[in-house]
Amino acid sequence: MVSGTHRYRFAPSPTGYFHVGGARTALYNWILALQNDGVFVLRIEDTDESRNEPQWTQGIIDALNWIGISASDPHFEGPYFQSAYAEAHTAAAKQLYDGGHAYYCDLTSEQIQERAKAAGKPGYDGFSRERGLGPGSGRVLRFKVPGGNTVVHDEVRGRVEFDNATIEDFVLMRGNGTPVFILANVVDDIAMKITHVVRAEEHLPNTPKQQLLWEALGVAPPVWAHVPVLVNEQRKKLSKRRDKVALEQYRAEGVVADAMVNYLMTLGWAPTGETEIVDFTTITRDFKLGSVNHSSAFFDVKKLNAFNGEYLRKMSLDEFVGVCEPWLTGVGVPWSGAQTAPSVPWPVERFNRAVFLRIAPHVQTRVALLSEVPAMVDFLFLADAPIDTAAFDKAFAADWARSSLRTMREQFVTTTWSAESLKTIVEGVGASIDVKLGKLQAPLRVATTGRSVGPPLFESLVVLGRDETLRRIDIALARAG
RNA sequence: GCUCCCAUCGUCUAGCGGCCUAGGACACAGCCCUCUCAAGGCUGCGGCACGGGUUCAAAUCCCGUUGGGAGUGCCA
């Protein structure tokens with residue numbers, strides 16, 4: 001086993017928004033580094049020039065920072081850029097070639113396919129192994145896979161054995177002289193003294209190749225750990241193309257970091273105890289690679305949202321108001337990169353923090369996502385009630401609707417402007433015409449808030465104010481005809 | 001096709017040979033609470049893929065079947 005400092009790494013390629021699966025893998029590595037007082041190395045694998053965009057790198061750093069993996073933490077190292085290590089990759093390739101572990105091949109992929117077809121076996125058949133070709137333009141460098149077996153010792157899966165005969169002589173250097181992922185990855189891991197490679201299960205099949213490379217390079221392989229992949233409803237690996245996987249998107253919708261981290265950690269692993277809602281300290285204390293599940297896990301947005309709702313409700317009022325702010329003002333949270341800030345439904349100058357503070361306790365128990373907050377309080381900051389036509393028509397369909405609303409209005413003029421007295425008035429009106437409060441409040445609610453659902457009505461009206469309430473009732477009465 | 005991985009409620013999981021009549025959470029349904037909607041409380045629905053072994057005893061160990069998934073690029 002490894003002695004000395006544990007060095008973990010997270011090696012994403014900057015090819016798009018930050019993937020939730022990547023977030024989970026990063027979290028595993030981070031937690032392990034924290035537990036062992038080790039190091040979390042961030043390496044940006046930017047060797048495929050065709051797919052890389054520089055802006056994604058900052059996105060990765062921002063995303064990591066959001067979930068608590070801070071670049072300024074002493075356990076954090078990097079970012080390193082794979083592209084900066086090209087010389088080391090080339091040198092390793094030469095070492096492998098000189099040592100007889102690799103050879104050049106000039107076959108095109110078409111030729112390889114033809115040979116495979118003729119032989120009835122898929123893959124490259126080692127045609128150039130003994131041809132003694134030297135380097136040259138268009139020639140790829142291939143690894144000479146030795147005979148025998150390769151046994152991978154995996155921290156989550158145990159012992160996995162591969163028959164080397166099933167591993168073809170894979171490419172190390174492209175025809176244009178650039179290294180491919182598998183070589184660059186291993187060389188970088190060696191250069192960065194990585195001791196533990198914790199990554200998604202999709203990498204398990206090429207682990208024997210990497211292990212062979214470590215050995216050919218004369219270095220003892222790291223501890224491997226392959227964690228199950230995250231899948232969609234169809235049980236397919238989460239993909240950027242067809243699934244909603246961008247961490248930034250969940251953030252923009254109002255998922256808070258703690259909820260995201262907690263939820264991600266319940267996928268493939270579970271905290272001990274009765275509840276799944278646990279803080280990060282508990283997670284870092286209890287997490288064990290050995291207890292990570294072996295099967296893929298469905299990334300369930302519904303459950304994520306439920307977690308988020310719990311986190312929101314657990315906050316103090318101040319905290320809650322604080323996290324709501326960006327959705328109310330359009331500023332406050334760094335929607336970095338290509339992510340656009342949410343649009344606020346009212347003119348910014350109409351927003352009043354003190355007013356929101358009064359209604360906030362009632363919205364706190366009613367939202368799962370922060371992005372749902374504006375629609376719940378927009379009636380307070382819009383010049384007029386944002387009338388939902390269908391709700392309006394339905395509320396005013398009853399024959400008692402207009403008359404009862406008029407009666408309420410009359411009494412609203414002189415009453416004490418408190419939730420209790422408003423409720424008493426409405427109840428009184430209801431009793432006189434034998435209509436239950438639940439039904440009777442509908443016209444009043446739609447007239448003043450524009451919607452059939454929302455925060456408690458009387459508290460809302462108190463915050464709205466007497467004058468505005470009366471004005472909106474008049475408008476609604478006129479509209480109802 | 002080949003290689004590898006996987007298999008407990010619909011979903012995420014607890015369980016690592018007897019504490020299991022299989023526990024929790026999300027979702028769903030009902031009830032309570034209630035000015036709408038939530039939140040909260042209670043209740044319910046629902047699972048060890050199948051077949052063989054091993055054992056006094058198997059969800060737990062072994063083998064097979066079936067079913068999923070991943071990999072199979074001069075992508076990472």
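Just so you know, these numbers use all the heavy atoms, side chains as well, and skip hydrogens, waters and symmetry mates. Here is how names work: the chains are called A, B, and so on, in the same order as the sequence lines, proteins then strands, and each is numbered from 1. Source: prediction; values computed, not measured.
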*For the residue pair A:H101 and A:F143, categorise the inter-ring angle as parallel (less than 30°), tilted (30 to 60°) or perpendicular (more than 60°).*
parallel
*Can you list, by residue number, the residues of residues 206-213 of chain A that have a non-hydrogen atom closer than 4.0 angstrom to RNA chain B?*
A:N206
*Is a donor-acceptor contact shorter than 3.5 angstrom present between the side chain of A:R366 and the base of B:U36?*
yes
*Establish, from distance only, whether the side-chain atoms of A:S291 and A:W269 form a donor-acceptor pair under 3.5 Å.*
yes
*A:Y311 six-ring centre to A:K314 NZ/CZ under 6.0 Å and within 45° of normal*: yes
*If a protein heavy atom is under 4.0 Å from the base, mark B; if only from the sugar-phosphate, S; if neither, -; do that for nucleotides 24-35 of chain B going 5' to 3'.*
BBSS-------B
_Touch class at under 4.0 angstrom, heavy-atom based, for A:L422 against every strand present_ = nothing
*Under a 3.5 Å limit for both distances, which nucleotide forms a Watson-Crick or G-U wobble pair with B:C28, could you say?*
B:G44
*asked:* Taking the basic N atoms (NZ, or NE/NH1/NH2) and the acidic carboxylate oxygens, is any pair closer than 4.0 Å for A:R235 and A:E233?
replied: no
*Look at A:K237 and B:G71 and indicate whether a side-chain polar atom (N or O) is within less than 4.0 Å of OP1 or OP2.*
yes
*Is the number of heavy atoms from other residues, nucleotides or ligands within 6.0 Å of NZ (A:K436) greater than 12?*
no
*asked:* Tell me if a side-chain donor or acceptor on A:D46 pairs with a main-chain N or O of A:S83 at a distance below 3.5 Å.
replied: yes
*Taking A:D286 for its side chain and A:P271 for its backbone only, find out whether a donor-acceptor pair lies under 3.5 Å.*
no
*Taking the six-membered ring for Trp and the full ring for Phe, Tyr or His, determine whether the centres of A:Y28 and A:F287 are under 6.0 Å apart.*
yes
_Return whichever of A:E168 or A:R159 has its heavy-atom-nearest nucleotide of RNA chain B closer to the 5' end._
A:R159
*Provide the Watson-Crick or G-U wobble partner of B:U55, both distances under 3.5 Å; none if there is no partner.*
none
*asked:* Regarding A:S295, tell me which of base, sugar-phosphate or nothing describes its non-hydrogen contacts under 4.0 Å with the strands shown.
replied: sugar-phosphate
*Select base, sugar-phosphate, or nothing to describe what A:V140 touches, counting heavy atoms under 4.0 Å on all strands.*
base
*More 5' along RNA chain B: A:D163 or A:P271, using each one's nearest nucleotide?*
A:D163
*asked:* The side chain of A:F298 is closest to which nucleotide in this list: B:U13, B:U11, B:C4?
replied: B:U11
*Is there a Watson-Crick or G-U wobble partner for B:U3 with both distances under 3.5 Å, and which nucleotide is it?*
B:A70
*asked:* Does A:R157 reach a base, just sugar-phosphate, or nothing at all? Heavy atoms under 4.0 Å.
replied: sugar-phosphate
*What nucleotide among B:U11, B:C4, B:A38 has an atom nearest to a side-chain atom of A:R235?*
B:U11
*When you measure from every atom of RNA chain B, which of residues 83-92 of chain A have a heavy atom less than 4.0 Å away?*
none
*asked:* Roughly how many Å apart are B:A58 and B:G68, using the P atom of each and rounding to a whole number?
replied: 30 Å
*asked:* With a cut-off of less than 4.0 Å, is there a side-chain N or O of A:K121 near OP1 or OP2 of B:C2?
replied: no
*Searching all strands shown, indicate the nucleotide that pairs with B:C50 (Watson-Crick or G-U wobble; both distances under 3.5 Å).*
B:G64
*Under 4.0 Å between a side-chain N or O of A:R313 and OP1 or OP2 of B:G40?*
yes
*asked:* Before we go on, tell me: are the rings of A:W56 and A:F18 under 6.0 Å apart, centre to centre?
replied: no
*Using atom P of each nucleotide, how far apart are B:G1 and B:C20 to the nearest Å?*
44 Å
*asked:* Of the listed nucleotides (B:A7, B:A70, B:A76), which one gets closest to any side-chain atom of A:F181?
replied: B:A76
_Sugar-phosphate only, base, or nothing, as touched by A:H203 at under 4.0 Å among non-hydrogen atoms_ = base
*Is A:R142 positioned over the aromatic face of A:F170, cation under 6.0 angstrom from the ring centre and no more than 45 degrees off axis?*
no
*asked:* Whole angstroms only, please: what is the CE-P distance between A:M173 and B:G73?
replied: 20 Å
*B:G44 to B:A27 separation - C1' atoms, rounded to the nearest Å*: 14 Å
*Under a 3.5 Å cut-off for both distances, is B:U36 Watson-Crick or wobble paired, and to whom?*
none
*On a whole-Å scale, what distance lies between the P atoms belonging to B:C5 and B:G52?*
26 Å
*Decide whether A:Q111 and A:T108 meet the rule of one side-chain donor and one side-chain acceptor closer than 3.5 Å.*
yes
*Let me know the distance between CG of A:N149 and P of B:C4, rounded to the nearest Å.*
10 Å
_Using the C1' atom as the point on both nucleotides, what is the distance between B:U13 and B:C35, in whole Å?_
39 Å
_Under 4.0 Å, heavy atoms only, any strand: does A:E161 hit a base, just the sugar-phosphate, or nothing?_
sugar-phosphate
*Measure from CZ on A:R451 to C1' on B:U36 and round the result to the nearest Å.*
13 Å
*Just by modelled atom types, is the A:W400 backbone N or O under 3.5 Å from a matching donor or acceptor in the A:S403 side chain?*
yes
*Is a side-chain N or O of A:R9 found less than 3.5 angstrom from the main chain of A:F40, in a donor-acceptor match?*
no
*asked:* By the 4.0 Å heavy-atom rule, please label A:F170 as base, sugar-phosphate, or nothing.
replied: nothing
*Contact class for A:G268 vs. all strands (heavy atom < 4.0 Å): base, sugar-phosphate, or nothing?*
sugar-phosphate
*asked:* Suppose you measure atom P in B:G67 against the same atom in B:C62; what distance do you get, rounded to whole Å?
replied: 22 Å
_Check against salt bridge (Lys or Arg N to Asp or Glu O under 4.0 Å), A:D378 and A:R451_ = CA-CA 10 Å; A:D378 57 359; A:R451 305 169 192 278; 2.3 Å; yes
*Which nucleotide in the set B:C12, B:A14, B:C74 lies at the smallest distance from any side-chain heavy atom of A:N293?*
B:A14
*asked:* What's the gap between B:G18 and B:U60 when it is taken at their P atoms, as a whole Å value?
replied: 12 Å
_Rounding to an integer number of angstrom, what distance separates B:C33 and B:G17 when you compare their C1' atoms?_
46 Å
_Backbone of A:Q211 reached by a side-chain donor or acceptor of A:W224 within 3.5 Å_ = no
*asked:* What is the separation between atom CD on A:E202 and atom P on B:U3, rounded to the nearest whole Å?
replied: 21 Å
